[in-house]
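Following: one structure in structure tokens, then a few remarks.
Proteins come first, then strands; the chains are lettered A, B, ... in the order of their sequence lines, and each starts at number 1. Only this structure's heavy atoms are used, side chains among them; waters, hydrogens and symmetry mates stay out. Please read these numbers as outputs of a predicted model, since none were measured by experiment.
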There are 4 protein chains.
Amino acid sequence: MSPRTQDQLQQLRETRKQHILEAALKVFAAHGYDGATINMIAKEAGIAKGLMYTYYESKEKLVEELIRFGLKKAASFMQEKPFHHLTTRKAFEESLRHMIDLFLQETDFWRLYTMLALQPNLASKFKKESMAFVEQYLGIYIAYFQKRKSKDPMAEAMLLGTIIDGLMFDLLIAPAEYPLDDVIKMVVKKFA
Amino acid sequence: MSPRTQDQLQQLRETRKQHILEAALKVFAAHGYDGATINMIAKEAGIAKGLMYTYYESKEKLVEELIRFGLKKAASFMQEKPFHHLTTRKAFEESLRHMIDLFLQETDFWRLYTMLALQPNLASKFKKESMAFVEQYLGIYIAYFQKRKSKDPMAEAMLLGTIIDGLMFDLLIAPAEYPLDDVIKMVVKKFA
Amino acid sequence: MSPRTQDQLQQLRETRKQHILEAALKVFAAHGYDGATINMIAKEAGIAKGLMYTYYESKEKLVEELIRFGLKKAASFMQEKPFHHLTTRKAFEESLRHMIDLFLQETDFWRLYTMLALQPNLASKFKKESMAFVEQYLGIYIAYFQKRKSKDPMAEAMLLGTIIDGLMFDLLIAPAEYPLDDVIKMVVKKFA
Amino acid sequence: MSPRTQDQLQQLRETRKQHILEAALKVFAAHGYDGATINMIAKEAGIAKGLMYTYYESKEKLVEELIRFGLKKAASFMQEKPFHHLTTRKAFEESLRHMIDLFLQETDFWRLYTMLALQPNLASKFKKESMAFVEQYLGIYIAYFQKRKSKDPMAEAMLLGTIIDGLMFDLLIAPAEYPLDDVIKMVVKKFA
DNA sequence: TATGAATGAGATTTCATTCAT
DNA sequence: AATGAATGAAATCTCATTCAT
């Protein structure tokens, strides 16, 4: 038969790459960067080990791409409506809940991200992207606290950021036991 | 020279075990459980690889002991004065600062602990000890918030716990840039 | 357009085979038989990896053909004028220079040939053709030395052959530094 | 029992390294750098694959050491008596025969050396050592031809060098058929 | 015929653990 | 008890060859 067109191949590659990325995320999140093996990922993706290397040149590059991709996605989430022009208490609460939802939809990514961030030699790979993301979301809340005439908007935003980090961590560790709704209400009460 | 007594030998053995534990902590914290090698640890401890195995029967048992030991130490810290009978705002702030100091003195341990906690297959090894510790310190703050007539002492303590987790995380990631003092003040303002 | 005739197709196929052979020669010469990959050769030839296999059934067969082809070409060179009826000193020198020119025009082939010849398991593939070629050119010089009344035409031809092998080797290793002309003059002085 | 002394270990290591080097030489000579595998070498040396890496950090480093070691040995051969103060025809012949003997005792090394020299990317690894060796032995014969009042000692030495290279090559390819003695006599007749 | 994705065997390398001394 | 050499399973990665299109 005739060979696939350039377009079909491009399509195929893109789909496969995405598929591998998803499998890799699952495995890395479960076992950590060093604990995960290419074999596990290939099996999870349902492909031969060797094929991994037609798509990603090494385990290292794979994880880098994974993180870069996830952070880009997260950054674009932060551009969404619920984070625009926060002024009211209600909008604040909504933004918070929206953020947590997003996190809950991507726990695998955030688990991996957190693990890597804790290992200096691995974290350095995506420090820049990571800082950009943090600044973006801190900026949003600093602006909010300024509008609310907080005496120290910077510190208040920082604390909120720390709470979000803590929430992320707690929800990764023991999601079932965590009284998420009560805590959110408490946060809103104290911050909004 | 007379041969060492049984006791002296036992003593020596204990010291050595402790020494290995410290070396292991340093290496595990830097490279993660899977990324660390027995060789690295032996070198860090200044002993031969093979000798490791007369003290700890495997890499796995070594981390387990490490975590168990660290959590026990942390639990005993929580028994110290600054955490007794918190009533005043001042005592609350002191307890908080004391806690953070303890953390800052043992960042390697908490870094490792955090990494492991995020990896379900590894976390299961010390779930019990871990939960006991969390309950202990949550208990202290629940009691505090009850005394302060909080409407929801449980949620407030939980949020405080989350803040402490977030602080721990943020200080592990970027200690230099974190405005710790400002944030503590903000916490005290909002909670005490 | 009318479909190509059987003949045209055959023609095309031959041209393509030749093209692949040239690409393969370049790559094999640069990296050796085991160091070269089918991928490299396909890229050099500007065709898809898979297509290689419709022309040559395996990497092994490809080198074999390559060597066979090159030796045949070399053998036919030896049939050319400059090698007929060597009698005079001048004709001897000319034949030598002609030979070296031929070599210099095909250094890639001779580099590969030399590499393979040194590896017994690979050399065996083309031993016959190789010996035929050597005998052909030795014959020419044995005849020459006989005409010149050498006391040991065989040994003298053999030595000349060895010189040619040495020249080939030296010119492959460090062509720029080699004082080729001075050495040829010296050979002529000593042999012609 | 008590552990081995520093000395015993050093001894053991040295012996093993040498043993591996010999096995590696054999395998590399037979299959070429890329054709040889660590597995083959380990088997030839009678040790486990993994142990190779306690002695040589990579396949690449192993060949490098092999070549460096062999060239050093060859260079020190060139310091021996038969090459001192060549003046007489007899001494010249002796030096030649001595040289060829040395080559014949180390054909594996020279086979490997020749193969590597032909592959530019591999040859670069030991260019310096290689050039030093060539200069050393060329120097000896330039001096000889100067003493013999040759009109062009440099070219004559160069030609002799080329002959030696050619001899080496021919003896590697087909030692059994080569009329070595006749050719040596012919060389002596023409050069001494 | 032509493409390059896909396979799978095997290459290089690593490392927890054992062993001889 | 102490050493580090040795093992062997398994990890990362490569590549000749096949296959679906």
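- Within the 4.0 angstrom heavy-atom criterion, no nucleotide atom of any strand lies near Thr54(A).
- Residue contacts for Tyr55(D): at a heavy-atom cut-off of 4.0 Å it reaches the sugar-phosphate backbone alone, with no base atom in range.
- Met52(B) places its CE atom 15 Å from the P atom of dC15(E), with the value rounded to the nearest Å.
- Relative to the ring axis of Phe126(B), Arg68(B) does not place its NZ or CZ within 45° and under 6.0 Å from the centre.
- Across all strands shown, dT21(E) forms a Watson-Crick or G-U wobble pair with dA2(F), both key distances being under 3.5 Å.
- Base engagement by Lys49(C) is indicated by at least one non-hydrogen atom pair under 4.0 Å involving a base atom.
- The nearest whole Å value for the distance from the OH atom in Tyr53(C) to the P atom in dC15(F) is 12 Å.
- To the nearest 0.5 Å, the span separating CG on Leu112(A) from CG on Leu172(A) amounts to 11.0 Å.
- Nucleic acid contact for Ala42(D): none, since no nucleic acid atom lies under 4.0 Å from a heavy atom of the residue.
- Across all strands shown, dA11(E) is found opposite dT12(F) as a Watson-Crick or G-U wobble partner, with both distances under 3.5 Å.
- Here Leu51(A) lies in heavy-atom contact (under 4.0 Å) with a base.
- The 12-atom threshold is not exceeded at CD of Gln11(D), counting heavy atoms of other residues, nucleotides or ligands nearer than 6.0 Å.
- Distance, Glu60(A) CD to dA11(F) C1': 15 Å, rounded to whole Å.
- Nucleic acid contact class of Leu9(D) (heavy atoms, under 4.0 Å, all strands): sugar-phosphate only.
- Note that Lys59(D) lies outside the cation-pi zone of Tyr53(D), set by a 6.0 Å cut-off to the ring centre and a 45° limit from the axis.
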